[in-house]
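Letters A, B, ... are given to chains in the order of the sequence lines, protein chains preceding strands, and every chain is numbered from 1.
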There are 2 protein chains.
Amino acid sequence: MNPSLPIACTEHDHNLCVHQALQAADALCSRQGVRLTALRRRVLELIWQSHKPLGAYDILAVLSQEDGRRAAPPTVYRALDFLLGNHLIHRLASLNAFIGCTHPAHAHQSHFLICRVCHTAIEVDSPAISATIHAAAEAVDFRIEGEMVEVVGLCAQCQAATK
Amino acid sequence: MNPSLPIACTEHDHNLCVHQALQAADALCSRQGVRLTALRRRVLELIWQSHKPLGAYDILAVLSQEDGRRAAPPTVYRALDFLLGNHLIHRLASLNAFIGCTHPAHAHQSHFLICRVCHTAIEVDSPAISATIHAAAEAVDFRIEGEMVEVVGLCAQCQAATK
DNA sequence: AAGGATGAGTTATATAATAACGTCCCTCAC
DNA sequence: GTGAGGGACGTTATTATATAACTCATCCTT
């Protein structure tokens, strides 16, 4: 296992990975004084389990199957809104999909490399990207509130596979 | 008029602005050997006239009104696909909207500053942003095919207005 | 126990995009 | 000229994504 690669690109114990994310969410929510209810926790778990961006209606389908004829869109969207608001997940606008945030503890921007083939989304934490974006914004006196960077291309595995 | 500000932020002769965009599109299409049909040209004109991101169904509404009971979604989406494919417009994923490309002659990335209040979208041409994105991608061996940067915030005018 | 706030169920609808098929019309080889 | 092929557009239907509006339940506080 190459430690220089992001987690999304490596073999790992995925159950552990999900477990840790949920524990971190528990801790973060209790610290913030907000409620990570069973439904919200379950939605977050589903998102983490996939490790690839998951659509709202994918989540809806799982919940409906589990509970036998339940779950309408607002149920899922409300949970997603909560998770987004507490920085536990990111929304990928180019895919209309959601993915777990890999470092929810500190507020940060949404920068992703998205593989066109396998749909893996690699969250990158690059202060340099933010710095250049801020410089460009400053040049036209634009006050940044949120950065969205979604880069589409081929991940290392899929490059190798198509050779 | 401050020449350092992008066109979207300044007073200007908007009719001239639209006219020039359409002429550039004519030239570009004839050079490429593709057909800028009346419909495609009209859609491009509507997008340029707004100078702010315009939704597909906004375009559809105008076309339907003009032609008296015509225009279904595919009509508009096909025109948009053509314009996107020939780099005459950009799609803003975070708004589900489209905006004229300010420099269609050379292929380039899609980098925008989008005002949360007035919805003006400023296209920025910053090689520095691309450079940092490429550096981040290289670090994980990701091959970039397209960059999408959409930064939400407050433009200069709206900052001043809310003071 | 009353009352308020938050979370979630339910129904309906809005908004965005595409599938599938048909028709018209242009052009070009013959 | 003519008809074969292809591109552009019309048309109908459907899928996909997201929200509005209202109700009920639960839980916490007092």
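Atom P of nucleotide D:dT17 and atom CG of A:L80 are separated by 12 Å, given to the nearest angstrom. Nucleotide C:dA16 holds its P atom 7 Å from the CG atom of B:D58, rounded to whole Å. Residue A:F82 contributes atom CZ, which lies 11 Å from atom C1' of C:dG7 at whole-angstrom precision. Rounded to a whole Å, the CG atom of B:D67 is 12 Å from the C1' atom of D:dG10. The CG-P distance, from B:L60 to C:dA14, rounds to 16 Å in whole Å. D:dA8 atom P lies 11 Å from atom CG of B:L39, rounded to whole Å. One atom, CG of A:N86, and another, P of C:dT6, lie 14 Å apart when rounded to the nearest Å. Spacing between atom CZ of A:R42 and atom P of C:dA8 amounts to 15 Å, rounded to whole angstrom units.
Residue pairs meeting the salt bridge (Lys or Arg N to Asp or Glu O under 4.0 Å) criterion with at least one partner in residues 17-26 of chain B, sequence neighbours excluded, are B:D26-B:R41. Annotation: side chain to side chain donor-acceptor pair (under 3.5 Å) contacts involving residues 128-137 of chain A, sequence neighbours excluded, comprise A:S130-A:E147, A:T132-B:T132, A:H134-A:E147.
In this structure A:E45 satisfies the salt bridge (Lys or Arg N to Asp or Glu O under 4.0 Å) test together with A:R42, sequence neighbours excluded. Every residue two or more places apart in sequence or in another chain was checked for a salt bridge (Lys or Arg N to Asp or Glu O under 4.0 Å) with A:D125, and none qualifies.
Of the listed nucleotides (D:dT11, C:dA17, C:dG9), D:dT11 has the atom at the smallest distance from the side chain of B:T75. Comparing C:dT10, C:dA16, C:dT6 by their nearest atom to the side chain of A:R35 picks out C:dT6. For A:A72, the listed nucleotide lying nearest its side chain is C:dT10; candidates were D:dG10, C:dA17, C:dT10.
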Scan the side chains in residues 52-65 of chain B for donor-acceptor partners under 3.5 Å anywhere in the protein, sequence neighbours excluded, and list what turns up.
from: B:K52; atom 1: NZ; to: B:C118; atom 2: O; distance (Å): 3.3
from: B:D58; atom 1: OD2; to: B:G55; atom 2: N; distance (Å): 3.0
from: B:S64; atom 1: OG; to: B:L60; atom 2: O; distance (Å): 3.0
from: B:S64; atom 1: OG; to: B:R70; atom 2: O; distance (Å): 2.7

For residues 82-92 of chain B, dump all side-chain donor-acceptor pairs below 3.5 Å to protein atoms at least two apart in sequence or in another chain.
from: B:N86; atom 1: ND2; to: B:F82; atom 2: O; distance (Å): 2.9
from: B:H90; atom 1: NE2; to: B:H108; atom 2: NE2; distance (Å): 3.1
from: B:H90; atom 1: NE2; to: B:E123; atom 2: OE2; distance (Å): 3.1
from: B:R91; atom 1: NH2; to: B:N96; atom 2: OD1; distance (Å): 3.0

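Looking at B:L36 and B:L28, their side chains never come closer than 4.5 Å, going by heavy atoms from C-beta outward.
Here the shortest heavy-atom pairing between B:C155 and A:F142 reads CA-CD1, 3.7 Å.
Side chain A:Y77 to base C:dA8: no donor-acceptor pair is found below 3.5 Å. Interface remark: the B:Y57 side chain does not form any donor-acceptor pair with the C:dA14 base, using a distance-only criterion of under 3.5 Å.
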| remark: Per-nt protein contacts along nucleotides 20-26 of chain D (heavy atom under 4.0 Å; B base, S backbone sugar-phosphate only, - none) come out as B------

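Through chains of ILVMFWY side-chain contacts below 4.5 Å, A:M148 is grouped with B:M148.
Using a 4.0 Å cut-off on heavy atoms, the residues of residues 87-101 of chain A that approach DNA chain D are A:R91, A:N96, listed by number.
OP1 or OP2 of D:dC9 lies within a sub-4.0 Å distance of a side-chain N or O belonging to B:T37.
Of the residues near DNA chain D, B:R40 and B:A71, the one whose nearest nucleotide (by heavy atom distance) lies more toward the 5' end is B:R40.
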